[in-house]
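Chain letters run A, B, ... following the sequence lines, proteins first and then strands; every chain starts at 1.
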Amino acid sequence: DQQVKQNSPSLSVQEGRISILNCDYTNSMFDYFLWYKKYPAEGPTFLISISSIKDKNEDGRFTVFLNKSAKHLSLHIVPSQPGDSAVYFCAASFTGNQFYFGTGTSLTVIP
Amino acid sequence: DTGVSQDPRHKITKRGQNVTFRCDPISEHNRLYWYRQTLGQGPEFLTYFQNEAQLEKSRLLSDRFSAERPKGSFSTLEIQRTEQGDSAMYLCASSQTGVNQPQHFGDGTRLSIL
């Protein structure tokens, strides 16, 4: 029972353009959402988060948008850089303890 | 390095053997989590500790799995009588206590069952 879904396994973007990664969830009780970035042979690295009381959170080149009515969140990376090439996981929680992860989207930024 | 540390990075063992993994969290973090990740999937929650108390366990954590955090610092995850299906990456994470705290992950222990 996948409560957090990332329907795009991969995405390719030209350097300097915007990368948009999408995530959908089914559990309306989720109230905290995060994005993690993962390089091969490393653990996931925390990138940015948003609580359900907000609809947008920004940190440098990274912005997360939350649409609660659609149960959808997205991560925007502007401008995209080759070093952003990695697997991106979205995660959600309603207890603050157990995080539910999506299956990941592999982003390739083409120089 | 003040991040989450896991040991060993890789473990290869024969089916039926017992294995133990260690996790050292970020020093000021009271919460510690174990996840399992298989190919093509995201991390799946196994269990979590608040200090030395194990507060939540997933149904994925069968009776062959046991986790401890005896002094509220490092934690161990033991798998007894390993099976082929136990082959996975085992990830440890830690976080501060409080609402909406991100979890910070180690680089994991990759377990391969022969």
Handout entry: CD on Gln98(A) to OH on Tyr33(B), rounded to 0.5 Å
Key = 10.5 Å
Handout entry: Greater than 12 external heavy atoms within 6.0 Å of Arg64(B)'s CZ
Key = yes
Completion exercise
Okay, Arg9(B) and chain A: the region with an atom under 4.5 Å from a heavy atom over there is side chain
Handout entry: Val4(A)-Ile48(A) co-clustered via ILVMFWY side chain contacts under 4.5 Å
Key = yes
Fill in the blank from the handout: Cut-off 4.5 Å, heavy atoms of chain A, and the answer for Glu56(B) is side chain
Handout entry: Neighbour count >12 (heavy atoms, 6.0 Å) for atom CD1, Ile12(B)
Key = no
Problem - Single-linkage hydrophobic cluster Val64(A)~Phe62(A), side-chain heavy atoms < 4.5 angstrom - result: yes
Handout entry: Non-hydrogen side-chain atoms of Asn100(B) and Ser93(A) separated by less than 4.5 Å
Key = no
Problem - Portion of Gln2(A) that has a non-hydrogen atom of chain B nearer than 4.5 angstrom - result: side chain
Fill in the blank from the handout: Turns out that what part of Tyr36(A) lies under 4.5 Å from chain B's heavy atoms comes down to side chain
Handout entry: Connected via hydrophobic side-chain network under 4.5 Å: Tyr48(B) and Leu91(B)
Key = yes
Practice task
Could you have a look at Glu44(B), Gln101(B), Met89(B), Gln6(B) and say which one has the most heavy-atom pairs with chain A under 4.5 angstrom?
Solution key: Gln101(B)
Exercise for the section: Compare all side-chain heavy atoms of Gln37(B) with those of Phe89(A) and state whether any distance is below 4.5 angstrom. Expected result: yes
Handout entry: More than 12 heavy atoms of other groups within 6.0 Å of Leu39(B) CG
Key = no
Exercise for the section: Could you note down all residue pairs passing disulfide bond (SG atoms under 2.5 Å apart) where residues 1-36 of chain A supplies at least one of them, sequence neighbours left out? Expected result: Cys23(A)-Cys90(A)
Problem - Test item: Gln103(B) side-chain N/O and Asn97(A) main-chain N/O as donor-acceptor pair under 3.5 Å - result: yes
Practice task
Kindly work out whether a path of hydrophobic side-chain contacts (I/L/V/M/F/W/Y, heavy atoms less than 4.5 Å apart) joins Phe49(B) to Phe65(B).
Solution key: yes
Problem - Listed once per pair and sorted, the disulfide bond (SG atoms under 2.5 Å apart) pairs that draw on residues 54-90 of chain B, sequence neighbours left out - result: none
Exercise for the section: Please determine, among Thr103(A), Thr45(A), Asp31(A), the option with the most heavy-atom pairs under 4.5 Å with chain B. Expected result: Thr103(A)
Exercise for the section: Could you list which of residues 52-60 of chain A have a heavy atom closer than 4.5 Å to any heavy atom of chain B, in residue-number order? Expected result: none
Handout entry: Glu68(B) atom CD: more than 12 heavy-atom contacts under 6.0 Å
Key = no
Problem - Side chain / backbone / both / neither for Phe99(A) at chain B, heavy atoms under 4.5 Å - result: both
Exercise for the section: Output every pair passing disulfide bond (SG atoms under 2.5 Å apart) with a member in residues 15-114 of chain B, not counting sequence neighbours, ordered by first then second residue. Expected result: Cys23(B)-Cys92(B)
Completion exercise
Checked Gly42(B), Ser95(B), Ala93(B), Pro43(B) vs chain A; the most non-hydrogen pairs under 4.5 Å come from Pro43(B)
Practice task
Flag yes if Ile50(A) and Tyr88(A) sit in one hydrophobic cluster, no otherwise; membership is Ile, Leu, Val, Met, Phe, Trp, Tyr, and two members link when side-chain heavy atoms are under 4.5 Å apart.
Solution key: yes
Problem - Contacting moiety of Gln50(B), where chain A heavy atoms sit under 4.5 Å - result: neither
Exercise for the section: Please confirm whether Tyr35(B) and Phe101(A) have ring centers closer than 6.0 angstrom. Expected result: yes
